[in-house]
Amino acid sequence: MSSYIDNKELLKKNDPELYNLIKLEEKREFEGMELIASENYVSPSVFACNGSILTNKYAEGYPGKRYYGGCEHVDKVEQLAIDRLLKLFPGATHANVQPHSGCPANDITYAAILNPGDCVLGMDLGHGGHLSHGHPVTKIAQTYRFVRYKMKNIDTGEIDYEALRETALKEKPKLILAGFSAYSRDLDYAKFKAIADEVGAITMMDIAHIAGLIAGKELKNPFDYGFDIVTSTTHKTLRGPRGGIIMTSNAELAKKIDKMTFPGMQGGPHMHTIAAKAAAFAEAATPEFQEYAAQIRKNAKAMEVVFKKRGVRMIAGGTDNHLFLIDTMTSFDTTGGEAESALDAIHITLNKNAIPYDLRGPFDPSGIRLGTPAMTTRGFKEAEFTRTAEIICDAIEAKNDTAILKELAAEVKAMCIAFPVPGV
Ligand SMILES: *Cc1c(COP(=O)(O)O)cnc(C)c1O
């Protein structure tokens, strides 16, 4: 049987142009420091499934109820993914593992439970919410009426639950949506649920960023607080292939979600990706993964200590999860774009990011976002992350000093190549 590695050798022979580009990316990922909060490195098992022969198979439908023949093996693969996922998130009674990614998982869920014009209460994008939670540039924003809640205090990260309740009482949302991609504290799910119950709304949490931390028992599980629906990506802290999932604790909603996934909004499921999801879910259930999840947070705390010492302004005052949103304008008199460029020059990859009440535009906002999941996978511990935080501050402060940046670049490369990329 051919493996991922063998196939790469064939690619080298048959399509050197493409092969070389992949090799260059391999080198970039190996020599550089990946601090993009939403990225990670998958395991050899996930690679093997994702690059497997299952990509050839059409399997419209669900296990045991397909519209194509020859599904006896992929049926078992998909059922394995479902069963493993349900074990990982106690309280979920039904899972759909077919959504192609995080945005489709959310769009499918909205379509399954809402009618056009229905109101959804979601986290403000500038306060950490995600594009797929109804940003005006998205298609869903033309279909449903999204209303916002925010943080009460951006220096502690506390959500304004009183305002959330008042808005809910006034707007009567059909769905109350929790979840974020640039927020560094945990949520008070019980408060969300109580407000939703008061106005008869469905509760949904998008755990895309923190799925691995919940599976690793480092953060709270929304199902423990009675949430109806949880959506996620599988490729961030959960460390699986690029993909999406929808889980629910409600049998009625489960039927609607399955129907809207297929045939409502997708065709054939990507069986190779579903196999890779199953592999990742099994890995996430191990004690090693729990240690990994704990280390992600310990590493973030190590960075937090340095940032505090250096007087860096962290939105929400610090972090309880894997990520930081840093106000570079206040901290360094440097835009997010300038900070991103200075760090790019020393092979540290992260992204510029708007901060709450940002007055600058999205192409050069006032901050940066970074996170610890990827480098924790490579084996970085507190010592490496302490040094990394110092390097970040030094590099932004020396953004116009090529000599210092050159020195820092050499140090970053030396740190990174000591920690191999899994599967490479
Ligand atoms: C990343 C993310 C998504 C989107 O995932 P894609 O796979 O990029 O479509 C959705 N919701 C949240 C909260 C995210 O962080």
Side-chain angles (χ1 to χ4, degrees), residues 34-40 42 46 50 89 96-111 120-135 137-141 144 146 148-151 157 159 175-187 189 192 203-215 219-220 222 227 229-247 257 261 265-266 269-270 273-274 276-277 280 296 315-316 319 321-325 349-354 368-374:
E34 190 54 73
L35 295 183
I36 292 180
S38 48
E39 291 192 14
N40 214 328
V42 301
V46 171
N50 225 11
F89 294 95
N96 191 311
V97 296
Q98 295 191 1
H100 298 324
S101 213
C103 290
N106 287 342
D107 293 350
I108 288 166
T109 306
Y110 303 141
V120 181
L121 194 48
M123 180 114 150
D124 190 275
L125 282 305
H127 287 233
H130 188 261
L131 278 170
S132 65
H133 298 178
H135 190 284
V137 300
T138 59
K139 181 69 190 163
I140 49 165
Y144 314 109
F146 287 88
R148 303 281 161 222
Y149 57 85
K150 296 180 174 170
M151 282 183 255
I159 305 272
L175 174 68
I176 295 185
L177 173 57
F180 47 80
S181 48
Y183 177 73
S184 57
R185 302 294 184 190
D186 208 0
L187 297 176
Y189 296 115
F192 277 98
T203 40
M204 166 176 165
M205 168 68 187
D206 176 354
I207 61 170
H209 258 265
I210 56 171
L213 297 176
I214 296 172
L219 293 179
K220 291 176 288 192
F227 264 56
I229 299 172
V230 171
T231 62
S232 187
T233 58
T234 48
H235 48 273
K236 297 179 184 174
T237 50
L238 199 49
R239 213 159 64 177
R242 306 203 81 77
I245 47 176
I246 306 169
M247 296 175 274
I257 289 164
T261 305
M265 289 174 76
Q266 290 193 167
H270 296 182
T273 306
I274 289 174
K277 287 173 183 172
I296 285 176
I315 303 303
T319 187
N321 54 30
H322 61 298
L323 71 78
F324 293 92
L325 186 55
T349 312
L350 44 66
N351 61 283
K352 59 184 182 235
N353 212 104
I368 53 173
R369 187 191 66 160
L370 60 116
T372 56

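Given the structure is predicted, the values throughout are model-derived calculations rather than measurements. Note that ligands are numbered from 1 as they come in the structure, with each ligand's atoms numbered from 1 the same way.
Atom NE2 of H235 is separated from atom NZ of K277 by 10.0 Å, given to the nearest 0.5 angstrom. The OG1 atom of T319 sits 10.0 Å away from the CG atom of L325 when rounded to the nearest 0.5 Å.
Between H100 and H270, the ring-plane angle classifies as parallel under the 30° and 60° cut-offs.
Checked against the 6.0 Å centroid threshold, Y149 and F192 count as a close aromatic pair.
Within 6.0 Å of CZ on R148 lie more than 12 heavy atoms contributed by other residues, nucleotides or ligands.
Looking at H209 and N321, their side chains never bring a donor and an acceptor atom within 3.5 Å of each other.
Protein residues with a heavy atom closer than 4.0 Å to ligand 1 are S101, G102, C103, N106, H130, S132, F180, S181, D206, A208, H209, T233, H235, K236, listed by chain and number.
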